4 protein chains.
Amino acid sequence: MRIKDPNKKEAIFRAALSLVLEVGFSGLKISKVARAAKVATGTVYVYFNNKEELINQLYLELKKRSAQDYVKGLEEGQSFEDRFDIVWYNYLQRALEQPEEAAFLEQYYRSPYLDEGTLEATEELLLPIFSLLEEGQDQGKVKNLPVELLVAHLSGSLNELARWQHSGKISLGNTLKADARQLAWDSIKK
Amino acid sequence: MRIKDPNKKEAIFRAALSLVLEVGFSGLKISKVARAAKVATGTVYVYFNNKEELINQLYLELKKRSAQDYVKGLEEGQSFEDRFDIVWYNYLQRALEQPEEAAFLEQYYRSPYLDEGTLEATEELLLPIFSLLEEGQDQGKVKNLPVELLVAHLSGSLNELARWQHSGKISLGNTLKADARQLAWDSIKK
Amino acid sequence: MRIKDPNKKEAIFRAALSLVLEVGFSGLKISKVARAAKVATGTVYVYFNNKEELINQLYLELKKRSAQDYVKGLEEGQSFEDRFDIVWYNYLQRALEQPEEAAFLEQYYRSPYLDEGTLEATEELLLPIFSLLEEGQDQGKVKNLPVELLVAHLSGSLNELARWQHSGKISLGNTLKADARQLAWDSIKK
Amino acid sequence: MRIKDPNKKEAIFRAALSLVLEVGFSGLKISKVARAAKVATGTVYVYFNNKEELINQLYLELKKRSAQDYVKGLEEGQSFEDRFDIVWYNYLQRALEQPEEAAFLEQYYRSPYLDEGTLEATEELLLPIFSLLEEGQDQGKVKNLPVELLVAHLSGSLNELARWQHSGKISLGNTLKADARQLAWDSIKK
DNA sequence: TATGAATGAGGGTTCATTCAT
DNA sequence: GATGAATGAACCCTCATTCAT
């Protein structure tokens with residue numbers, strides 16, 4: 001018996017992701033995914049039981065990878081301000097570099113494929129960010145508002161910046177990124 | 001002879017909108033829209049040549065209505081701060097009251113129905129908001145950053161707040177709304 | 001009560017006929033017929049109970065008109081040869097001048113609208129032609145073959161000539177018409 | 001892996017043909033074709049991109065097959081009269097045996113599916129018949145008229161005979177066939 | 001009678017999924 | 001496991017017919 005090829009699963013993920021950016025969620029056809037991944041249609045069903053499972057597994061995968069990215073570079077002994085900066089830049093960086101991801105997630109949340117269980121499984125992935133902000137509050141550096149409010153505010157701003165950049169309405173060079181970070185910081189700082 | 005019933009067009013709009021929130025864009029079937037609007041399938045085609053046209057007209061309609069809402073209550077002689085407040089609250093209010101609208105717009109931008117021409121037709125609708133911020137900059141009250149950056153930041157934050165409220169992750173009472181407005185204000189003020 | 005307008009019925013007939021030539025039988029939509037006849041869709045149903053009836057009445061009408069045309073100019077005292085000539089030319093003339101009619105009839109015979117009763121009602125219309133050939137046989141001028149065979153042969157040839165003319169594959173001037181008549185005559189003459 | 005089954009394409013052709021005879025061109029529904037061919041609806045689309053393509057490919061196929069039939073039995077060294085006889089009988093035979101073909105072709109020429117390119121592709125298929133008549137003219141056996149006129153006359157007559165036979169208005173036994181051939185021959189012979 | 005908006009059954013086509021190889 | 005032909009439910013849209021005016 002041959003063994004499942006992890007490269008193929010990854011290729012299918014990649015294909016699905018790039019297709020969502022290209023043709024939207026409603027244009028995501030299994031046959032197109034297969035062609036883009038250079039496998040046969042039926043092969044997709046070797047790795048996923050059905051389209052829903054493919055989409056939900058892809059969601060999970062994306063969330064895990066992004067969560068890892070957000071905390072990249074965080075180390076013991078860094079000041080709160082430094083840690084905030086790192087996370088903020090990580091988040092922006094990923095949003096800018098992976099426009100497919102945002103496209104996918106936006107569509108996923110509104111789609112009939114959304115699975116409550118899968119959703120819950122990813123909630124904890126943002127815990128490090130919540131903790132970070134609580135840490136800032138404990139140090140008296142961040143406004144004493146519900147962290148959910150702060151996270152919604154910050155992530156909403158960041159995602160929108162990436163969207164506008166992607167659609168060409170703004171052009172984020174290093175200066176503008178720093179300006180945006182300043183906006184974020186000014187808003188939450190005590 | 002019966003004459004075209006404007007209520008029907010509106011009913012179809014409403015039905016389409018609420019279905020997008022319910023089942024997503026990819027679940028938006030004309031037959032379902034018709035049923036929800038309490039008309040026959042064919043009737044939809046009396047008012048719209050095809051699905052694409054329905055969706056684009058709905059987009060235009062939503063944009064126009066929201067643009068009108070944003071500037072509601074603005075009057076001559078108000079201070080910049082007051083005007084900012086009004087627009088900010090108007091925006092939040094509409095986002096909270098019309099979750100279908102956000103659902104529709106998010107999906108529209110990613111859909112194959114997106115029409116460049118239709119898009120352009122709505123660009124000017126945000127001009128009043130851009131002007132307002134420029135007014136604040138002229139008065140030395142708002143940071144001298146590209147207004148696009150400011151608008152992306154503010155609207156991204158507001159939309160995300162509405163999303164989190166709608167999904168139950170936060171609960172925006174009057175106090176929290178005021179807090180959020182403070183976040184916004186602190187971020188852009190000079 | 002207003003009275004049915006015979007001009008409208010005729011206009012509908014004309015519209016239907018010209019549309020069949022233009023778009024074929026399967027492209028014959030009641031709404032298009034109505035538009036072409038400059039009446040409202042519903043008006044068609046004032047004059048005909050349904051599409052089938054419209055088509056069958058049109059068929060009958062065409063058959064009657066053409067049968068009248070075929071014997072136009074026939075008079076007492078003409079020789080058989082002259083009478084054959086007249087009928088042959090009449091038939092060709094009508095086929096050439098009314099390409100819509102041929103288009104309609106060909107499609108009608110193959111269509112699900114074909115009605116056995118309507119068909120029978122037109123059989124007698126060709127009797128004069130059958131009689132004419134029998135007359136020729138009685139005079140020893142025409143081959144003693146079943147007249148149906150002769151009529152099929154002659155009408156098939158004539159219709160095809162008109163078709164080729166209409167499609168541009170031949171160009172029937174007076175000389176060629178006379179040549180074709182000679183072909184016909186040589187074939188049936190004893 | 002299954003491979004495309006050529007029998008299926010042929011089965012679809014057959015099904016389409018017999019349906020045209022049965023219910024006419026406008027009654028030709030892909031779903032009915034599929035059922036008659038004993039395949040699923042979608043399978044038709046494995047072999048043809050759409051209805052138009054099915055119809056045009058069928059047209060081409062029929063034309064090719066009939067053109068082959070017409071010259072069956074022709075051999076070197078046969079006299080012109082023998083060759084004319086063979087082709088004339090071949091043509092009649094096919095018309096009698098394949099009434100679906102005539103039904104299909106008549107409708108095709110009047111249909112919106114008619115494709116100019118496909119049409120041209122079949123024009124050369126009749127060349128052998130044109131050549132045959134020219135040969136007869138060269139030998140001084142056939143009237144010196146445009147061969148198009150002769151072909152229109154002969155084929156029109158033959159097709160109509162087959163139609164009348166099929167509709168029961170005549171009954172072509174061997175004697176009557178010979179009579180009809182004599183009609184044809186008398187008409188074109190010098 | 002005349003109109004054209006409204007209806008809904010039905011057709012062409014797509015595509016998630018299955019299955020024979 | 002891999003393939004892609006085969007399947008058929010379901011979608012968009014059309015159009016004969018009806019109906020309110």
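Everything quoted here is computed from the prediction, not taken from an experiment. Proteins come first, then strands; the chains are lettered A, B, ... in the order of their sequence lines, and each starts at number 1.
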Practice task
Can you tell me the distance, in whole Å, between the OH atom of C:Tyr45 and the P atom of E:dA5?
Solution key: 16 Å
Handout entry: D:Ile12 CD1 to F:dA6 P, straight-line distance once rounded to whole Å
Key = 9 Å
Handout entry: Polar side chain donor-acceptor pair, D:Thr122 to D:Tyr59, under 3.5 angstrom
Key = yes
Practice task
Would you classify D:Leu54 as touching base, sugar-phosphate or nothing, given that sugar-phosphate means primed atoms plus P, OP1 and OP2, and contacts are heavy atoms under 4.0 Å?
Solution key: nothing
Practice task
For the side chain of B:Thr41, starting at C-beta, report the closest nucleotide among F:dT3, E:dA6, F:dC13.
Solution key: F:dC13
Handout entry: Whole angstrom value for the distance that separates P of E:dG11 from CD1 of D:Ile30
Key = 12 Å
Handout entry: D:Lys8 NZ - F:dG4 C1' separation (whole Å)
Key = 12 Å
Exercise for the section: Using atom NZ of D:Lys29 as one end and atom C1' of F:dC13 as the other, report the distance to the nearest whole Å. Expected result: 14 Å
Handout entry: Main-chain N/O of C:Leu28 paired to C:Lys51 side chain as donor or acceptor, under 3.5 Å
Key = yes
Practice task
Just do the side chain to side chain contact (heavy atoms under 4.5 Å, CB included) check on D:Leu119 and D:Tyr108 with the steps written out, would you?
Solution key: CA-CA 10 Å; D:Leu119 219 54; D:Tyr108 175 76; 4.1 Å; yes
Fill in the blank from the handout: Of A:Tyr113 and B:Ala40, the one whose nearest nucleotide on DNA chain E sits closer to the 5' end is B:Ala40
Practice task
Starting from the 5' end of DNA chain F, give me the residue, C:Gly42 or D:Asp5, whose nearest nucleotide shows up first.
Solution key: D:Asp5
Problem - For atom CD1 of D:Ile3 and atom C1' of E:dC19, their distance in whole Å - result: 15 Å
Handout entry: Intra- and inter-strand pairs of DNA chain E in dot-bracket (Watson-Crick or G-U wobble, both distances under 3.5 Å; | for another strand)
Key = .||||||||||||||||||||
Completion exercise
In short, C:Asn50 meets C:Tyr45 closest at the heavy-atom pair CA-CE2, 3.9 Å
Problem - Separation of F:dA5 P from D:Asn7 CG (nearest whole Å) - result: 16 Å
Exercise for the section: Select base, sugar-phosphate, or nothing to describe what B:Val39 touches, counting heavy atoms under 4.0 Å on all strands. Expected result: sugar-phosphate
Exercise for the section: Please determine if a side-chain N or O atom of C:Thr43 lies less than 4.0 Å away from the OP1 or OP2 oxygen of E:dT3. Expected result: yes
Fill in the blank from the handout: Quick note, A:Val46 side chain, CB onward, closest among F:dT3, E:dT1, E:dA5 is F:dT3
Handout entry: Atom of B:Ala34, atom of B:Val44 and distance for their closest heavy-atom approach
Key = CB-CG2, 3.8 Å
Exercise for the section: Identify the heavy atoms of A:Val23 and A:Lys32 that sit nearest to each other, and give their distance. Expected result: CG1-NZ, 4.5 Å
Handout entry: Pair C:Arg65 + C:Glu10, salt bridge at N-O below 4.0 Å
Key = yes
Practice task
Please work out if B:Tyr47 contacts a base, only the sugar-phosphate, or nothing of the nucleic acid, heavy-atom cut-off 4.0 Å.
Solution key: sugar-phosphate
Problem - Ionic contact status for C:Glu106 with C:Arg163, cut-off 4.0 Å - result: yes
Fill in the blank from the handout: Whole-Å distance, B:Arg35 CZ to E:dA6 P, equals 19 Å
Fill in the blank from the handout: Taking F:dA5, F:dT17, E:dT17 as options, the one with an atom nearest any side-chain atom of A:Lys51 is E:dT17
Handout entry: Nearest-nucleotide 5' precedence on DNA chain E, B:Lys38 against D:Asn49
Key = B:Lys38
